[in-house]
Amino acid sequence: MAKTGAMAENEGVQGVGDDALGYEQARDELIDVVRRLEAGGTSLEESLALWERGEALAKVCRRWLDGARARLDAALASEGEQPAEQG
């Protein structure tokens with residue numbers, strides 16, 4: 001059975017490894033996946049493949065955002081621990 005264009009595209013990107021994706025790249029691809037799903041016109045198989053890819057991309061974005069939040073919290077905590085400068 002031949003693979004559809006959407007499935008072939010998704011497999012190519014997944015082969016790169018989601019951990020290698022930057023936030024902006026994952027977000028932009030997720031936006032594209034959502035647009036394609038909203039546009040319709042895809043088979044059930046293609047729609048499921050797109051949805052699964054979207055879920056994976058959302059997890060990548062969430063990891064990046066969680067990491068950024070942790071770094072920000074750590075920076076703010078260390079800033080609060082430093083003695084205030086006397087002026």
Side-chain angles (χ1 to χ4, degrees):
M1 182 166 125
K3 296 194 180 195
T4 62
M7 290 176 65
E9 283 179 32
N10 290 338
E11 286 180 355
V13 174
Q14 287 174 337
V16 170
D18 288 340
D19 291 336
L21 291 176
Y23 172 78
E24 289 82 6
Q25 184 181 2
R27 181 202 59 211
D28 291 347
E29 187 180 341
L30 180 56
I31 290 168
D32 184 55
V33 166
V34 170
R35 283 186 187 141
R36 291 168 64 188
L37 284 169
E38 287 177 342
T42 57
S43 69
L44 177 60
E45 187 175 325
E46 289 172 319
S47 294
L48 287 173
L50 286 168
W51 180 79
E52 289 170 345
R53 183 63 184 151
E55 287 291 322
L57 290 165
K59 287 179 184 176
V60 170
C61 290
R62 174 56 51 199
R63 281 196 306 266
W64 275 105
L65 293 172
D66 288 346
R69 169 57 66 189
R71 288 176 59 190
L72 181 60
D73 289 345
L76 291 172
S78 69
E79 189 175 285
E81 293 172 4
Q82 296 177 359
E85 290 184 26
Q86 294 179 358

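Residue indices begin at 1 and follow the sequence shown.
Scanning all heavy atoms of the two residues, the minimum distance from V33 to L50 falls at CG1-O, 3.2 Å. Looking at every heavy atom in both residues, L30 comes nearest to G54 through CD1-O, 3.5 Å. When all heavy atoms are compared, the tightest approach of S47 to T42 is OG-OG1, 2.6 Å.
The backbone N or O of K59 lies less than 3.5 Å from no partner atom in the side chain of W64, so there is not a single donor-acceptor pair.
Distance check: D32 CG to R27 CZ gives 13.0 Å after rounding to the nearest 0.5 Å. Rounded to the nearest 0.5 angstrom, E24 CD and E29 CD are separated by 14.0 Å.
When the side chains of ILVMFWY residues are joined at heavy-atom separations under 4.5 Å, either directly or via intervening members, L37 and L48 end up in two distinct hydrophobic clusters. In the hydrophobic clustering of ILVMFWY residues, with side-chain heavy atoms under 4.5 Å counting as a link, L65 and V34 come out together.
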> Can you check salt bridge (charged side-chain N to carboxylate O under 4.0 Å, His left out) on E46 and R36, steps first, answer last?
Replying inline: CA-CA 10 Å; E46 289 172 319; R36 291 168 64 188; over 6 Å; no
> After noting the C-alpha distance and the side-chain angles of D66 and R71, does the key distance pass the salt bridge (charged side-chain N to carboxylate O under 4.0 Å, His left out) rule?
Replying inline: CA-CA 9 Å; D66 288 346; R71 288 176 59 190; over 6 Å; no
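Contact of the L21 side chain with the L57 side chain is registered, since non-hydrogen atoms from C-beta on lie closer than 4.5 Å.
Listed by chain and residue number, nothing satisfies the salt bridge (charged side-chain N to carboxylate O under 4.0 Å, His left out) test with R35 (two or more places apart in sequence, or in another chain).
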